[in-house]
Colleague: 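Input: one structure, supplied below.
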Amino acid sequence: MGADERAEAGATQAPGPDAPDAHSLEALSARIHQRHRDLIKVQKPHVAVANLARIIDAALKLSNRHGFHAMTLRQLAAESGLSMGGLYSYLDSKDTLLLMILGEVAHAVEAELGSAPEAVRADPAAHLNWLIAAHVRLSEAMHAWFVFAYMEAKAFPPEARKRAIDSERLTERIFADVIAEGVRQGVFAAEDPLFAATLIKPLLQDWYVKRSKYRERGIDAQTYAAQVTRFVAGALAAR
């Protein structure tokens, strides 16, 4: 990753959305570090990113076992291998860590769904198919992050809950805009494109929330995306 060279230059650059490792734990942690440099007290970027990755990985694992609400900062320090003082060099509370994670999920979704090629954007049917495949692909690459955001939502404090809701509405709006364009072009039939998009969202969530169910049936991410695409295309087809 060339962390030493980046540290000497004074910054750590995360891979762009098209890079093959753009959604690795290190890359996601690098983007979090870029957005929260004013809060993080560690000066060397490559050290800060490495430890952020350890903290976030530990938080996702503890949340999966016990729930984020029940997790303590002492448990987080022990799981990540940092001292309590070391942990406080990166965050001042669990709520701060929660907002870091949710912010990165929202950023990744917006960047990924907004990166459709121009040729795809010109065709609403192709664009909608692309969005479904992209969302499933992203939730597979960031599985633990997506499950965390979904499963812990009920216990979020107000600011985090608002951020999660805003992120979900943004996803729905991206899909709704494509469906609305399809209706204008006579490709789709939908009285309410936003409502149609709202119905698509649970289909996308089912993959990362109940992934083991589909894997038991021999259904992988690509197959799931294709099945959802066919189902949605049939539901929206202009008659």
Side-chain angles (χ1 to χ4, degrees), residues 1-4 6-7 11-15 19-109 111-112 138-164 167 205 207-212 215:
M1 298 293 294
D4 291 338
R6 290 194 297 270
T12 299
Q13 297 296 322
D21 57 351
H23 302 118
S24 68
L25 180 60
E26 182 185 21
L28 296 169
S29 299
R31 284 196 286 271
I32 289 175
H33 175 257
Q34 289 172 354
R35 286 199 296 276
H36 297 276
R37 291 177 69 94
D38 57 333
L39 172 68
I40 296 169
K41 300 173 184 176
V42 177
Q43 297 301 310
K44 294 182 178 179
H46 67 287
V47 174
V49 169
N51 283 336
L52 267 175
R54 292 164 63 185
I55 292 168
I56 292 167
D57 186 50
L60 294 176
K61 288 177 179 176
L62 287 170
S63 297
N64 187 51
R65 292 200 294 261
H66 311 296
F68 185 80
H69 183 69
M71 181 190 75
T72 66
L73 288 179
R74 190 166 299 279
Q75 288 174 324
L76 181 60
E79 182 77 17
S80 65
L82 298 175
S83 66
M84 286 296 293
L87 187 63
Y88 279 116
S89 296
Y90 296 90
L91 50 97
D92 55 5
S93 68
K94 281 174 52 178
D95 284 358
T96 296
L97 176 59
L98 176 60
L99 293 174
M100 286 179 174
I101 294 173
L102 293 180
E104 185 52 39
V105 172
H107 171 83
V109 170
E112 188 74 16
L138 179 63
S139 67
E140 181 72 359
M142 295 178 62
H143 183 251
W145 300 67
F146 274 69
V147 171
F148 172 87
Y150 181 88
M151 298 300 292
E152 299 294 331
K154 60 183 179 298
F156 286 168
E159 184 179 356
R161 188 178 302 113
K162 181 181 183 303
R163 183 166 298 188
S167 178
Q205 290 172 330
W207 169 251
Y208 56 85
V209 175
K210 302 176 183 177
R211 186 173 62 166
S212 60
R215 288 189 163 177

Colleague: Under the side-chain hydrogen bond (donor to acceptor under 3.5 Å, both in side chains) definition, can you give me all pairs with a residue in residues 145-161, not counting sequence neighbours?
Modeller: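 Those involving residues 145-161 do not exist here.
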Colleague: List in chain and number order the residues that pass salt bridge (Lys or Arg N to Asp or Glu O under 4.0 Å) with Arg211, two or more places apart in sequence or in another chain; answer none if no residue qualifies.
Modeller: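 Result, salt bridge (Lys or Arg N to Asp or Glu O under 4.0 Å) vs Arg211: Glu140.
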Colleague: Would you please name every residue forming a side-chain contact (heavy atoms from CB on, under 4.5 Å) with Asp95, sequence neighbours left out?
Modeller: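 Counting only residues at least two positions away or on another chain, Asp95 forms a side-chain contact (heavy atoms from CB on, under 4.5 Å) with Ser93, Pro157.
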Colleague: Is there a donor-acceptor pair closer than 3.5 Å between any side-chain N or O of Arg37 and the backbone N or O of Pro45?
Modeller: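 No; judged by distance alone, with no hydrogens or angles, the pair does not exist.
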Colleague: Suppose we screen for salt bridge (Lys or Arg N to Asp or Glu O under 4.0 Å). Which residues come up paired with Lys41, at least two apart in sequence or across chains?
Modeller: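 Lys41 satisfies salt bridge (Lys or Arg N to Asp or Glu O under 4.0 Å) with no other residue.
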Colleague: With rounding to the nearest 0.5 Å, note down the distance linking NE2 in His23 to CD in Glu104.
Modeller: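 The NE2 atom of His23 sits 8.0 Å away from the CD atom of Glu104.
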Colleague: Please report the closest heavy-atom contact between Met142 and Ala108, naming both atoms and the distance.
Modeller: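 Scanning both residues completely, I find the closest heavy atoms to be SD-CB, 3.6 Å.
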Colleague: Around atom CE of Met84, are there more than 12 heavy atoms from other residues, nucleotides or ligands closer than 6.0 Å?
Modeller: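 It does: Met84 CE has more than 12 such atoms within range.
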Colleague: Nearest 0.5 Å, what's the CE-NE2 distance between Met100 and His36?
Modeller: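 Here the rounded value is 5.0 Å.
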Colleague: Shortest non-hydrogen contact from Ser89 to Val42?
Modeller: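 Heavy atoms of Ser89 and Val42 come nearest at CB-CG2, 4.0 Å.
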Colleague: List in chain and number order the residues that pass salt bridge (Lys or Arg N to Asp or Glu O under 4.0 Å) with Asp57, two or more places apart in sequence or in another chain; answer none if no residue qualifies.
Modeller: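 Partners of Asp57 by the salt bridge (Lys or Arg N to Asp or Glu O under 4.0 Å) criterion, ordered by chain and then number, come out as Lys61.
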Colleague: Sequence neighbours excluded, which residues qualify as side-chain contact (heavy atoms from CB on, under 4.5 Å) partners of Ala58?
Modeller: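 Residues passing side-chain contact (heavy atoms from CB on, under 4.5 Å) with Ala58: Leu76, Glu79, Ser80.
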Colleague: Going by the salt bridge (Lys or Arg N to Asp or Glu O under 4.0 Å) test, which pairs reach into residues 67-77, not counting sequence neighbours?
Modeller: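 Qualifying pairs, neighbours excluded: none.
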Colleague: Between Leu97 and Ile55, what is the shortest heavy-atom contact and its length?
Modeller: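 Nearest heavy atoms, Leu97 then Ile55: CD1-CG2, 4.2 Å.
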Colleague: According to side-chain contact (heavy atoms from CB on, under 4.5 Å), who are the partners of Ser29, at least two apart in sequence or on a separate chain?
Modeller: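 By the side-chain contact (heavy atoms from CB on, under 4.5 Å) rule, Ser29 matches Leu25, Val49, Leu52, Ala53, Ile56.
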Colleague: Supply the atom-to-atom distance Leu99 CG to Lys162 NZ, rounded to the nearest 0.5 angstrom.
Modeller: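 Reported to 0.5 Å precision, the distance equals 11.5 Å.
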Colleague: So, taking the atom named CG in Asp21 and the one named CD in Glu26, what distance separates them when rounded to the nearest 0.5 Å?
Modeller: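 Separation between the atoms: 7.5 Å.
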Colleague: What pairs of residues pass the ring pair (Phe, Tyr, Trp, His ring centres under 6.0 Å) test when at least one of them lies in residues 57-99, not counting sequence neighbours?
Modeller: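 Applying ring pair (Phe, Tyr, Trp, His ring centres under 6.0 Å) to every pair that reaches into residues 57-99, excluding sequence neighbours, yields Phe68-Phe148.
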Colleague: Which pair of non-hydrogen atoms, one from Ala70 and one from Lys94, has the smallest distance, and what is that distance?
Modeller: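 That closest heavy-atom pairing would be N-NZ, 4.4 Å.
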Colleague: Which value, rounded to the nearest 0.5 Å, describes the distance between His46 atom NE2 and His33 atom NE2?
Modeller: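 The distance works out to 11.0 Å.
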Colleague: What are the two closest heavy atoms between Arg54 and Gly81, and how far apart are they?
Modeller: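 Smallest interatomic distance, heavy atoms only, reads NH2-O, 3.3 Å.
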Colleague: If we ignore hydrogens and angles and just use 3.5 Å, is the side chain of Ser167 paired with the main-chain N or O of Arg163 as donor and acceptor?
Modeller: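 No; zero donor-acceptor contacts below 3.5 Å.
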Colleague: Between Gln75 and Met71, which heavy-atom pair has the shortest distance, and what is it?
Modeller: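 Between these two residues, the closest heavy atoms are OE1-CA, 3.4 Å.
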